[in-house]
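Since the structure comes first, as structure tokens, the remarks are kept for the end.
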Amino acid sequence: MEKKLWNAQPKGKGEHKPSISILSILKILLAMYMVTGILLLILSAMLYRMQLSESVVSIGIVLIYVLSGFLGGFLSGKIMKQKRFLWGMAMGACYFLILMAGSIIFQHGINMEISRFVTTLVLCTASGMIGGMAS
């Protein structure tokens, strides 16, 4: 009598579902924040050397959010082969939530108007989604 194993058959294309671990998510977030830190150091050096205006610094900060979100979405999309845009959005949202948690902890509350809060949320999640789709 021949015994069959349920998982003995090789899976066809598209049947393999890669999984992302908590460690992978933490590594991606660490990479995002390392890029954020490096870019903020560069921006602060430019501010010191070139006496940049407040509007230029604000634009620089927005670009840093977008680049970091894109990186997180791109990296998570490389790990997850399916629904990459959703994983990118999730990474962008996680990035935003950690930013807001840090803001609440260090500034004892959210110190920005609601429109800027929502704009930052949209920028982080959208850039993560675009990064996931680009992966």
Side-chain angles (χ1 to χ4, degrees):
M1 202 154 147
E2 191 174 311
K3 189 175 183 181
K4 285 189 175 182
L5 298 174
W6 286 102
N7 293 331
Q9 298 293 329
K11 294 186 177 188
K13 190 172 185 179
E15 291 182 35
H16 180 265
K17 289 186 178 183
S19 62
I20 190 166
S21 67
I22 297 294
L23 185 61
S24 296
I25 292 172
L26 292 175
K27 285 179 182 179
I28 293 169
L29 285 168
L30 178 64
M32 292 170 77
Y33 280 103
M34 286 176 63
V35 167
T36 299
I38 291 166
L39 292 176
L40 283 174
L41 283 173
I42 292 169
L43 183 63
S44 65
M46 290 172 59
L47 176 64
Y48 177 73
R49 295 292 237 160
M50 297 182 216
Q51 303 295 319
L52 300 175
S53 67
E54 185 177 334
S55 62
V56 172
V57 172
S58 294
I59 291 170
I61 291 171
V62 167
L63 286 174
I64 291 170
Y65 289 158
V66 169
L67 289 173
S68 296
F70 182 86
L71 174 70
F74 188 83
L75 292 175
S76 64
K78 284 292 185 186
I79 293 173
M80 299 299 293
K81 303 295 182 193
Q82 298 171 346
K83 298 182 183 178
R84 295 177 295 184
F85 69 98
L86 288 176
W87 282 103
M89 284 179 67
M91 291 308 297
C94 287
Y95 177 80
F96 172 78
L97 290 174
I98 293 171
L99 279 176
M100 287 303 109
S103 176
I104 290 168
I105 290 169
F106 293 115
Q107 294 181 0
H108 305 292
I110 298 173
N111 197 9
M112 71 170 69
E113 57 239 17
I114 192 72
S115 62
R116 194 166 175 188
F117 181 85
V118 171
T119 302
T120 305
L121 172 62
V122 169
L123 283 171
C124 291
T125 54
S127 62
M129 180 182 69
I130 292 168
M133 290 189 302
S135 66

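Hydrogens, waters and symmetry mates are skipped; everything else that's a heavy atom, side chains included, is used. Numbers here simply count residues along the sequence, with the first being 1.
Each of Val56, Leu39, Leu43, Val66 was compared with Ile61 under the side chain to side chain contact (heavy atoms under 4.5 Å, CB included) criterion, and only Leu43 meets it.
Of all heavy-atom pairs between Tyr95 and Tyr33, the closest is O-OH, 2.6 Å. Nearest heavy-atom pair, Arg84 versus Met133, reported as atom, atom and distance to 0.1 Å: NH2-O, 4.4 Å. Here the closest non-hydrogen pair linking Thr119 and Ser115 is OG1-O, 2.7 Å. Closest approach of Ser127 and Gly69 over heavy atoms only: OG-CA, 3.4 Å. When all heavy atoms of Leu47 and Leu52 are compared, the closest pair comes out as CD1-O, 3.4 Å. Scanning both residues, Trp87 and Gln82, for their nearest heavy atoms gives CD1-O, 3.7 Å.
Taking 4.5 Å as the limit, some side-chain heavy atom of Ile28 sits within range of a side-chain heavy atom of Ile79.
For the residue pair Ser21/Ser24, the side-chain donor-acceptor check at 3.5 Å is satisfied.
Rounding to the nearest 0.5 Å places OG1 of Thr36 at 11.0 Å from CG of Leu41. A distance of 12.5 Å separates CG in Leu75 from CD1 in Ile25, rounded to the nearest 0.5 Å. Taken to the nearest 0.5 Å, the CD1 atom of Ile38 stands 12.5 Å off from the CG atom of Leu67. Taking SG from Cys94 and CG from Leu99, the interatomic distance works out to 11.5 Å, rounded to the nearest 0.5 Å.
In this structure, Ile130 is not a member of the same hydrophobic cluster as Val35, with clusters built from ILVMFWY side-chain heavy atoms closer than 4.5 Å. Both Met32 and Ile42 are part of a single hydrophobic cluster, where members link through side-chain heavy atoms under 4.5 Å apart. Residues Met91 and Ile64 are members of one and the same hydrophobic cluster, defined by side-chain heavy-atom contacts under 4.5 angstrom among Ile, Leu, Val, Met, Phe, Trp and Tyr. When hydrophobic clusters are built by joining Ile, Leu, Val, Met, Phe, Trp and Tyr residues whose side-chain heavy atoms come closer than 4.5 Å, directly or via intermediates, Leu40 is grouped together with Ile98. Taking hydrophobic clusters as Ile, Leu, Val, Met, Phe, Trp and Tyr residues chained together by side-chain heavy-atom distances below 4.5 Å, Met34 does not share a cluster with Leu29.
Between the side chain of Ser76 and the backbone N or O of Gly73 there is at least one donor-acceptor pair closer than 3.5 Å. Of the possible polar contacts, one joining the Thr120 side chain to the Arg116 backbone as a donor-acceptor pair under 3.5 Å is found.
For Leu30, the CG atom is densely surrounded, since the number of other residues' heavy atoms within 6.0 Å is greater than 12.
Applying the side chain to side chain contact (heavy atoms under 4.5 Å, CB included) criterion to Leu121, with sequence neighbours excluded, gives Phe96, Thr125.
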